[in-house]
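Structure first, commentary second.
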Number of protein chains: 2
Amino acid sequence: MVKTSALPKYIQVSEMLIREIAAGHLADGARLPPERDMAEDLGVAVGTLRKALADIEAKGLLERLQGSGNYVRHRPVVNSVYAFFRLELLRGGGLPTAQVLSVDRLAKPADAPDFGPDTQGHRIRRLRSLDGGLIALEEIWLDGGQRNVIGPDDLSESLYHFYRHQLGLVIAAVEDRIGVAAMPDWTPAAFHLRAGQTVGYVERSSRNAAHEPAEFSRTWFDPARATYVSRMGKG
Amino acid sequence: MVKTSALPKYIQVSEMLIREIAAGHLADGARLPPERDMAEDLGVAVGTLRKALADIEAKGLLERLQGSGNYVRHRPVVNSVYAFFRLELLRGGGLPTAQVLSVDRLAKPADAPDFGPDTQGHRIRRLRSLDGGLIALEEIWLDGGQRNVIGPDDLSESLYHFYRHQLGLVIAAVEDRIGVAAMPDWTPAAFHLRAGQTVGYVERSSRNAAHEPAEFSRTWFDPARATYVSRMGKG
DNA sequence: AGGAATTTGTGCGTATGTATC
DNA sequence: AGATACATACGCACAAATTCC
């Protein structure tokens with residue numbers, strides 16, 4: 001029995017449009033076609049498209065003006081609890097993208113905190129960029145029991161949609177520990193920093209809705225190009 | 001010519017419900033009637049009510065659970081935003097103390113972001129410890145208009161007690177930017193690190209209840225002894 | 001200046017999907 | 001397994017804001 005359970009249409013549409021913006025196909029300031037035309041082209045109802053556009057607006061990538069149109073605004077993508085913890089360019093903002101380097105099923109590292117019952121884990125290594133410039137290296141660990149096999153193709157744009165819909169995992173709480181560390185020995189040649197260099201370092205532990213450890217990650221970021229931002233409170 | 005143009009229904013509904021919650025007519029944890037029943041009672045369409053409920057949820061006063069119901073969440077104010085941001089020993093925890101080094105009224109530094117209208121500011125420099133061991137240097141700036149004179153004796157252990165009771169200042173939101181920097185040139189001889197050494201660095205901007213910039217601080221911490229911790233989410 | 005055309009916002013009703021109890 | 005309740009999706013009509021002739 002196959003469990004398909006596709007994402008809601010309005011999310012498919014909003015992610016597609018966000019990718020279009022991120023890829024530069026929709027330039028900053030560009031005006032989208034009228035909603036009714038777009039909806040017809042995409043084969044969805046106007047209300048569905050409007051919900052997608054409202055999502056994109058909430059992420060700060062779109063400005064919607066009654067009587068005028070929908071305008072692309074290049075800004076950082078924001079979602080859920082992760083809105084409060086993110087890497088930004090030193091001047092603020094930056095459009096984030098990520099590239100998966102490898103996905104492996106390995107024994108858990110001894111120095112990692114608990115993130116599930118299994119003795120093995122899935123290790124995902126990613127290169128992270130802001131506005132197209134490399135700014136961080138990232139290693140994410142998921143418990144081996146979550147799934148037998150994960151391939152790079154499973155991880156499209158949004159890691160958290162993969163968690164949510166492929167693993168049934170909803171991140172309910174995160175704790176970040178920020179400090180200073182040396183770049184790891186797997187730093188790719190493409191990166192502008194070398195193994196051993198001192199950089200900013202973030203260790204994250206995530207918990208699922210039942211408050212059980214579910215994810216562990218470490219991020220090494222270039223403090224000359226990016227800063228780590230936490231926000232809390234109103235507005 | 002009078003322009004009446006009543007507010008949209010969904011806003012009228014959400015404001016009415018928010019007043020009900022604020023007045024205590026809807027207790028914390030209370031479950032609202034099913035959406036169809038409420039919509040009928042209020043004389044609006046289900047979609048309109050749902051839009052109102054989504055607004056209230058966005059304000060944090062309501063939790064919407066598919067298949068279960070809509071639940072009132074009475075959270076007047078987050079009383080301690082600082083609970084989520086703190087320095088800890090590497091092994092976790094540690095009892096925090098602070099020692100005021102100096103308090104001066106000076107022209108604001110050029111590289112500081114906005115923290116009030118005045119051209120001068122109060123600069124507080126502190127040594128911070130965990131379990132008695134020095135772990136950080138801190139510099140806090142308050143707007144000069146807050147008060148004419150601040151002496152070291154005004155600042156006992158709790159800086160936020162001083163803000164609250166002496167200045168009438170309630171911190172409603174904070175943003176932290178974390179990275180790597182060099183120890184400043186005013187590093188006291190008593191500290192175990194020297195000026196110029198690379199350490200962890202936090203810049204904090206705080207806002208008062210009116211969302212106006214109110215405080216600015218920078219903290220240099222020893223990454224070999226302490227880590228900066230952010231928490232977000234349930235639990 | 002003004003009015004028509006365009007475009008997004010609001011509101012309604014209904015059918016179906018999905019999670020919870 | 002069935003009932004309940006919220007989520008998604010569709011389509012339509014009209015209002016409000018902007019733009020353009």
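The chains referred to below are lettered A, B, ... by the order of the sequence lines, with proteins before strands, and numbering in each begins at 1. Any value given below was found using the heavy atoms of this structure, including those in side chains, with hydrogens, waters and symmetry copies removed.
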Distances under 3.5 Å between protein N/O atoms and the N/O atoms of nucleotides 5-7 of chain C, please, pair by pair.
from  : atom 1 : to      : atom 2 : distance (Å)
C:dT7 : O2     : A:Gly67 : N      : 3.4

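- Note on ring orientation: taking the six-membered ring where Trp is involved, the planes of A:Tyr201 and A:Trp220 are tilted (angle from 30° to 60°).
- Between the side chain of B:Asp41 and the main chain of B:Gly43, no donor-acceptor pair closer than 3.5 Å is present.
- Residues A:Asp176 and A:Tyr228 are in side-chain contact: their nearest non-hydrogen atoms beyond the backbone lie under 4.5 Å apart.
- Contacts between residues 41-54 of chain B and DNA chain D, defined by a heavy-atom separation under 4.0 Å, are made by B:Arg50.
- Looking at A:Glu138 and A:Arg126, a side-chain N of the basic residue comes within less than 4.0 Å of a carboxylate O on the acidic one, giving a salt bridge.
- As rounded to whole Å, 14 Å separates atom C1' of D:dA5 from atom CG of B:Leu62.
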| message | Quick one, B:Lys108 with B:Asp143, criterion salt bridge (charged side-chain N to carboxylate O under 4.0 Å, His left out). Give me CA distance, side-chain angles, the key distance, then yes/no. | response | CA-CA 9 Å; B:Lys108 292 183 178 179; B:Asp143 189 58; 2.8 Å; yes

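- Considering only residues two or more places apart in sequence or on other chains, B:Gln66 meets the side-chain contact (heavy atoms from CB on, under 4.5 Å) condition with none of them.
- Between A:Arg125 and A:Pro188, the closest side-chain pair of non-hydrogen atoms is not below 4.5 Å.
- Computed from coordinates, the B:Lys9 NZ to D:dC14 C1' distance equals 13 Å when rounded to whole Å.
- Computed from coordinates, the A:Tyr10 OH to D:dC6 P distance equals 16 Å when rounded to whole Å.
- No side-chain heavy atom of A:Gln12 sits less than 4.5 Å from a side-chain heavy atom of A:Val44.
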